[in-house]
S.K.: 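Pasting a structure here, questions to come.
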Amino acid sequence: MVITLPDGTEKTFPAGITGLDIAASIGRKLAEAALGIIVDGRLQDLGTPITRNAGVSIVTFDSPDGKEIFWHSSSHLMAQAIEELFPGAKFGAGPAIEQGFYYDVAYPERFNEDDLRNIEAKMLEISGRDIAIRREEMPREQAIGYFRESRKDPYKVEILEETLKGVETVSVYHQDGFADLCSGPHLPNTGKIRAVLLTNISASYWRGDSSRESMQRIYGVTFPSDKLLKEHVARLEEARRRDHRKLGAELGLFMLTPEVGSGLPIWLPKGAIIRNELETFLKGEQRKRGYVPVYTPHIGNIELYKRSGHYPYYSDSQFPPLTYKDETGREEQYLLKPMNCPHHHLIYSSDLRSYRDLPIRLTEFGTVYRHEQSGELNGLVRARGFTQDDSHIYCRPDQLVDEICNAIDLTRFVFNTLGFDEVETRLSLHDPANQAKYGGTAEVWEQAEKDVKEAADRMGIKYFIGIGEASFYGPKIDFIVRDAIGRKWQLGTVQVDYVMPERFDLSYIGSDGQKHRPVVIHRAPFGSMERFIGVLIEHTAGNFPLWLAPVQVTVLPIAEDVHDYAREVYAKLQAAGIRAEIDLRSEKIGKKIREAELSKIPVMLVIGRNEQEAREVSVRRHRKGDEGRLGVQEIVARLSEEIAQRA
RNA sequence: GCUGAUGUAGCUCAGUCGGUAGAGCACUUCCUUGGUAAGGAAGAGGUCAUCGGUUCAAGUCCGAUCAUCAGCUCCA
């Protein structure tokens, strides 16, 4: 029997050999690190006998597959520990996730922190017993009996009876007295799991259904060594350090207060500078690309949203309507606007449009209000009042793909400028199985999705498909970045819409003199200014590039006798339009520098007697240190240039 | 919205068994005039989230509300 390894080398083995044997034949270390094996593209247990010629690769913790196996087995290990410590606990679902695993547990008592520590200790103890993990296949009917009678776990029985209805044979993994219904694969033994951290407990509904019983979901992460766990903990601490809510307060960027309302961020002067710079940047870029600015009110007649179809779709996540009654008893209802599109559509149809006028690109930083569920609110990244860098492009069908490409190009330009280089792109398509969720006809959707794909392919972007992620009026291209804690956030978006033009009866006069229907593109490179800046804060850890820094330069005189010269330098910076501060306190230079470093000011200009005599400044860059002396004109010119370049 | 946790000075946090509130940093004033990440001294700062209850007495115990955090569910 011939086994082909990933590097192309071929080895001959007797039939029935296992992955572990193959790993051992390559090296002792690999045998130790091996967690599973991929045989002809299929991930399986290390102990599964291989009976014919195959291409194999050994899976270790370094690969995503390896982590998946490791953490999935860890969830079983945790379940076993819980079962030993808390007899009677029943188990729901326990998968591996991106950063570890969880298990949903039904148990009458609430678990607390101490319980977690005890479970951790028990897991390590079980790991120390180095129990073999054994796979057993059995007919589904037999498994139902097993889980009902022996394991007494109603949740597994439910999975067997419903989710796995059509399946003949299922697999059960055993380790000591513990057994779990699971397709696998799993680790060969529990001993591989050497470091355990249970991170938190939360509630979850059985099968994600809020009408079903609530279970306790215990999250954890495990590693093959303590060293890896320590690194993981260090990453978590770094994430906490970068949390935009913490940095936003420390750096005086924004605030949230119940006196205004939850989820309603207030921009403080320093945060407003960042937002204003970003807006100025995008406005300038859009001007170059043929967008025209408009302004629209913050509320709109409710009829507008009924017409657009937003109201019925999203009435539960809107602030309740404002009702106005005049003396005659006539009633009008207004909605705090949850999106800008309807206003823009009315601007479009306020005039007769010729095919020669298209595309028309209306743009506005439009503030919208959505009553997000209280549990969803999260600093700037999930707020109830936020501002979209919203534009609507009205174009002819023959211009559509070009216009989508332009919007993608702008979005990419924005992300590159801001230093987001790891952006995932999702083509968000509709779910054909759930057509009722969407507006428009099947043909229109087919066309729209074809156009979106064509544009994405032409722009050469790498994307993945998200079925059911489309909005109700059309497919989208979504740009997704991760925050410091690894959570994903959708920022920019480009959306195609054939539905709104119908609803608002938008038209243009074609070359044939007849009325035609334009197509609308909704696009927002930043998405929401609040969310974008929230993610930007975490991305930069508050160390903003010079052009965005709320305070760009601080002038630090060493002693009082150079205050006059320091003021002169400060005045020159201000005159050049550089955001500068001056620290005239009677503190030592070390303290002034420390405070400037902590407030993450990019440039410090230290001035003492030597600098005064030479008409120079000592330049110190944040996190870099002393960079030597420069003439005043020189430093002003260099900083101005760096700001202009948005470097 | 649901489940759980949390809420004490501007910030980070102590506060024991229920007996009228504490530290460090920041802030203010004074002294100090210094060379690349914390000079010294003094002072000021609190409706212990809010409302109600138990008690002779509540930061502490109980309940409700609000907010925040974690997760679930949702996301134009």
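Each chain gets a letter, A, B and so on, in the order its sequence line appears, and its residues count up from 1. As the structure is a computational prediction, the values presented were derived from the model and not from experiment.
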S.K.: Look at the side-chain N and O atoms of A/R609 and state whether any lies under 4.0 Å from the OP1 or OP2 oxygen of B/G35.
M.R.: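 No, no such contact exists.
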S.K.: Name the pairing partner of B/C17, where a pair is Watson-Crick or G-U wobble with both distances under 3.5 Å, or state none.
M.R.: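 Answer to the pairing question: none, since B/C17 forms no Watson-Crick or G-U pair.
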S.K.: Scan A/Q318 against the nucleic acid and name what it touches under 4.0 Å (heavy atoms): base, sugar-phosphate only, or nothing.
M.R.: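 The residue A/Q318 makes base contact.
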S.K.: With a sphere of 6.0 Å drawn around CZ of A/R621, does it hold more than 12 non-hydrogen atoms of other residues, nucleotides or ligands?
M.R.: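 Yes.
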S.K.: Does any part of the side chain of A/N610, heavy atoms only, come nearer than 4.5 Å to the side chain of A/R629, both counted from C-beta?
M.R.: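 A/R629 vs A/N610: side chains touch.
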S.K.: Under 3.5 Å, is there a donor-acceptor pair between the side chain of A/H244 and the main chain of A/L380?
M.R.: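 Judged by distance alone, yes, a pair lies under 3.5 Å.
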S.K.: Tell me if the side-chain of A/S308 makes a donor-acceptor pair with the base of B/A76, cut-off 3.5 Å, by modelled atom types.
M.R.: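 Side chain to base: no pair present.
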S.K.: Between the base of B/G40 and the side chain of A/E587, is there a donor-acceptor distance below 3.5 Å?
M.R.: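 There is none.
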S.K.: Pick base, sugar-phosphate or nothing for A/P338, based on heavy-atom distances below 4.0 Å to the nucleic acid.
M.R.: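 Result for A/P338 = base.
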S.K.: Tell me, yes or no, whether the heavy-atom count around A/Y295 atom OH, taken from other residues, nucleotides or ligands under 6.0 Å, exceeds 12.
M.R.: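 Open.
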S.K.: When you compare B/A5 with B/A9, how far apart are their C1' atoms, in angstrom units rounded to a whole number?
M.R.: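 Nearest-Å result for B/A5 against B/A9 at atom C1': 24 Å.
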S.K.: Partner lookup for B/U33, please. Criteria are Watson-Crick or G-U wobble with both distances under 3.5 angstrom; report none if nothing qualifies.
M.R.: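 Because no pair has both required distances under 3.5 Å, B/U33 counts as unpaired.
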S.K.: Can you check the A/Q373 CD to B/U3 C1' distance for me, whole Å?
M.R.: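 My rounded result for the distance is 14 Å.
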S.K.: Using the P atom in both, what is the distance from B/A14 to B/U6, to the nearest Å?
M.R.: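 Those two atoms are separated by 12 Å.
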S.K.: Measure the distance from CG on A/D583 to C1' on B/A37 and round it to the nearest whole Å.
M.R.: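 That distance rounds to 14 Å.
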S.K.: Any strand counts, and the cut-off is 3.5 Å on both contacts for Watson-Crick or G-U wobble. Which nucleotide pairs with B/C25?
M.R.: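 Check on B/C25: paired to B/G10, both distances under 3.5 Å.
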S.K.: Remember a base hit wins even if backbone is also touched, and classify A/L256 as base, sugar-phosphate or nothing at under 4.0 Å, heavy atoms.
M.R.: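 Result for A/L256 = nothing.
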S.K.: In whole Å, what separates the C1' atom of B/U8 from that of B/U60?
M.R.: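 Per the computed distance, 11 Å lies between those C1' atoms.
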S.K.: Counting only side-chain heavy atoms from C-beta out, which of B/G1, B/U36, B/A76 sits nearest to A/I589?
M.R.: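 Ranking B/G1, B/U36, B/A76 by closest atom to the A/I589 side chain puts B/U36 first.
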S.K.: Is the phosphate of B/C72 approached by A/Y219 (side-chain N or O, under 4.0 Å from OP1 or OP2)?
M.R.: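 Affirmative; the distance criterion is met.
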S.K.: Starting from C1' on B/G34, measure out to CD1 on A/I607 and report it in whole angstrom.
M.R.: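 Result: 15 Å.
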S.K.: Between B/G19 and B/A58, how far apart are the two P atoms, rounded to whole Å?
M.R.: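 These two P atoms come out 11 Å apart once rounded.
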S.K.: Using a heavy-atom cut-off of under 4.0 Å over every strand shown, decide if A/N200 touches base, sugar-phosphate, or nothing.
M.R.: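 Touches sugar-phosphate only.
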S.K.: For nucleotides B/A42 and B/A26, find the distance between their P atoms and express it as a whole number of Å.
M.R.: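 Pairwise P distance, B/A42 against B/A26, rounds to 15 Å.
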S.K.: When all nucleic acid strands are considered with a 4.0 Å heavy-atom cut-off, which category describes A/N610: base, sugar-phosphate, or nothing?
M.R.: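 Base contact.
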S.K.: Please report the distance separating the C1' of B/G45 from the corresponding atom of B/C17, rounded so that it comes out in whole Å.
M.R.: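 It comes out at 31 Å once rounded to the nearest Å.
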S.K.: Among the nucleotides B/U33, B/G71, B/A38, which one has an atom lying closest to any side-chain atom of A/R217?
M.R.: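 Within the option list, the nearest is B/G71.
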S.K.: Do any side-chain nitrogens or oxygens of A/K246 fall under 4.0 Å of OP1 or OP2 in B/U68?
M.R.: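 No, because none of the side-chain N or O atoms of A/K246 sits under 4.0 Å from OP1 or OP2 of B/U68.
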S.K.: Quick check: on RNA chain B, is the nucleotide nearest A/G590 upstream (toward 5') of the one nearest A/S317, or the reverse? Name the residue that is more 5'.
M.R.: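 Upstream on the strand: A/G590.
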S.K.: Looking across every strand, which nucleic acid part, if any, lies under 4.0 Å from A/R620 by heavy atom: base, sugar-phosphate, or nothing?
M.R.: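 Base contact.
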S.K.: Given side chains that start at C-beta, do those of A/T296 and A/H344 come closer than 4.5 Å, heavy atoms only?
M.R.: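 Touching, per the 4.5 Å side-chain cut-off.
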S.K.: Let me see the working for A/Y394 and A/Y348 under ring-ring contact (aromatic ring centres under 6.0 Å, His included), right down to the final yes or no.
M.R.: CA-CA 8 Å; A/Y394 302 83; A/Y348 176 86; 4.6 Å; yes
S.K.: Whole angstrom is fine here: how far is it from CD1 in A/I593 over to P in B/G39?
M.R.: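 Taking CD1 of A/I593 and P of B/G39, I get 11 Å after rounding.
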S.K.: Where the side chain of A/K588 is concerned, which of B/G34, B/A26, B/A76 is the nearest nucleotide?
M.R.: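 Minimum distance to the A/K588 side chain belongs to B/G34.
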S.K.: I'd like to know if A/S618 reaches the base of B/U36 with its side chain such that a donor and an acceptor end up less than 3.5 angstrom apart.
M.R.: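 Under the 3.5 Å cut-off, the side chain and the base do form a donor-acceptor pair.
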S.K.: For B/G59, give the paired nucleotide (Watson-Crick: N1-N3 plus N6-O4 or O6-N4; G-U: N1-O2 and O6-N3; both under 3.5 Å), or none.
M.R.: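 With both distances under 3.5 Å required, B/G59 matches none.
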S.K.: Would you mind telling me which of B/U36, B/A70, B/G34 lies closest to the side-chain atoms of A/R245?
M.R.: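 Within the option list, the nearest is B/A70.
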S.K.: Can you tell me whether the side chain of A/R370 and the base of B/C74 have a donor-acceptor pair closer than 3.5 Å?
M.R.: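 Looking at the base of B/C74, it does not pair with any donor or acceptor on the side chain of A/R370 (distance under 3.5 Å).
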S.K.: When the distance from CG of A/N434 to P of B/C74 is rounded to whole Å, what number comes out?
M.R.: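 After rounding, the reported distance stands at 12 Å.
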S.K.: So A/Y473, base contact, sugar-phosphate only, or nothing? Heavy-atom distance under 4.0 Å.
M.R.: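 Touches sugar-phosphate only.
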S.K.: Strictly below 4.0 Å, N to O, side chains only: are A/R585 and A/E595 in salt-bridge contact?
M.R.: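 Yes, charged N to carboxylate O under 4.0 Å.
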S.K.: Say we look at B/G40 and B/U33: how far apart would their P atoms be, to the nearest angstrom?
M.R.: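 Their P atoms lie roughly 15 Å apart.
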S.K.: Across the strands shown, which category fits A/S471 at heavy-atom distances under 4.0 angstrom: base, sugar-phosphate, nothing?
M.R.: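 Sugar-phosphate, no base atom in range.
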S.K.: In whole Å, I'd like the distance from the CG atom of A/D104 to the C1' atom of B/A70.
M.R.: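 So the CG-C1' distance, A/D104 to B/A70, works out to 15 Å.
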S.K.: Any side-chain donor paired with an acceptor under 3.5 Å for A/E424 and A/Y463?
M.R.: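 There is no such pair (donor and acceptor under 3.5 Å, judged by atom type) between the side chains of A/E424 and A/Y463.
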S.K.: When you compare B/C66 with B/G59, how far apart are their P atoms, in angstrom units rounded to a whole number?
M.R.: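 After rounding to an integer number of Å, I get 23 Å for this pair.
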S.K.: Taking atom P of B/U3 as reference, at what distance in whole Å does atom CD1 of A/I218 sit?
M.R.: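 Answer to the nearest Å: 18 Å.
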S.K.: Here's a test of your reading of the structure: between A/R384 and A/E595, which maps to the more 5' nucleotide of RNA chain B?
M.R.: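 Residue closer to the 5' terminus by nearest nucleotide: A/R384.
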S.K.: With respect to the phosphate group of B/C25, does any side-chain polar atom (N or O) of A/R594 fall under 4.0 Å of OP1 or OP2?
M.R.: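 Answer no for this pair, as no side-chain N or O of A/R594 is under 4.0 Å from OP1 or OP2.
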S.K.: Could you report the tightest heavy-atom contact between A/E403 and A/I521, atom names first, then the distance?
M.R.: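 Closest approach of A/E403 to A/I521: CB-CD1, 3.4 Å.
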S.K.: I'd like to know if A/S586 reaches the base of B/U32 with its side chain such that a donor and an acceptor end up less than 3.5 angstrom apart.
M.R.: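 Side chain to base: pair present.
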S.K.: Please give the nucleotide sitting opposite B/U3 as a Watson-Crick or G-U wobble pair, both distances under 3.5 Å, or none.
M.R.: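 By the stated definition (distances under 3.5 Å), B/A70 pairs with B/U3.
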S.K.: In whole angstrom, what separates A/Y102's OH from B/G71's P?
M.R.: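 Whole-Å distance recorded here is 13 Å.
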S.K.: Can you tell which of B/A67, B/G1, B/U36 lies closest to the side chain of A/P258?
M.R.: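 The closest nucleotide is B/A67.
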S.K.: Could you let me know what B/U65 is paired to, Watson-Crick or G-U wobble, both distances under 3.5 Å, or none if it's on its own?
M.R.: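 Looking at the geometry, B/U65 pairs with B/A49.
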S.K.: Using a heavy-atom cut-off of 4.0 Å across all strands, would you classify A/E611 as base, sugar-phosphate, or nothing?
M.R.: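 If one applies the 4.0 Å heavy-atom cut-off, A/E611 turns out to touch a base.
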S.K.: Can you confirm whether the side chains of A/H522 and A/D390 place a donor and an acceptor under 3.5 Å from each other?
M.R.: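 A/H522 vs A/D390: no donor-acceptor pair found between side chains.
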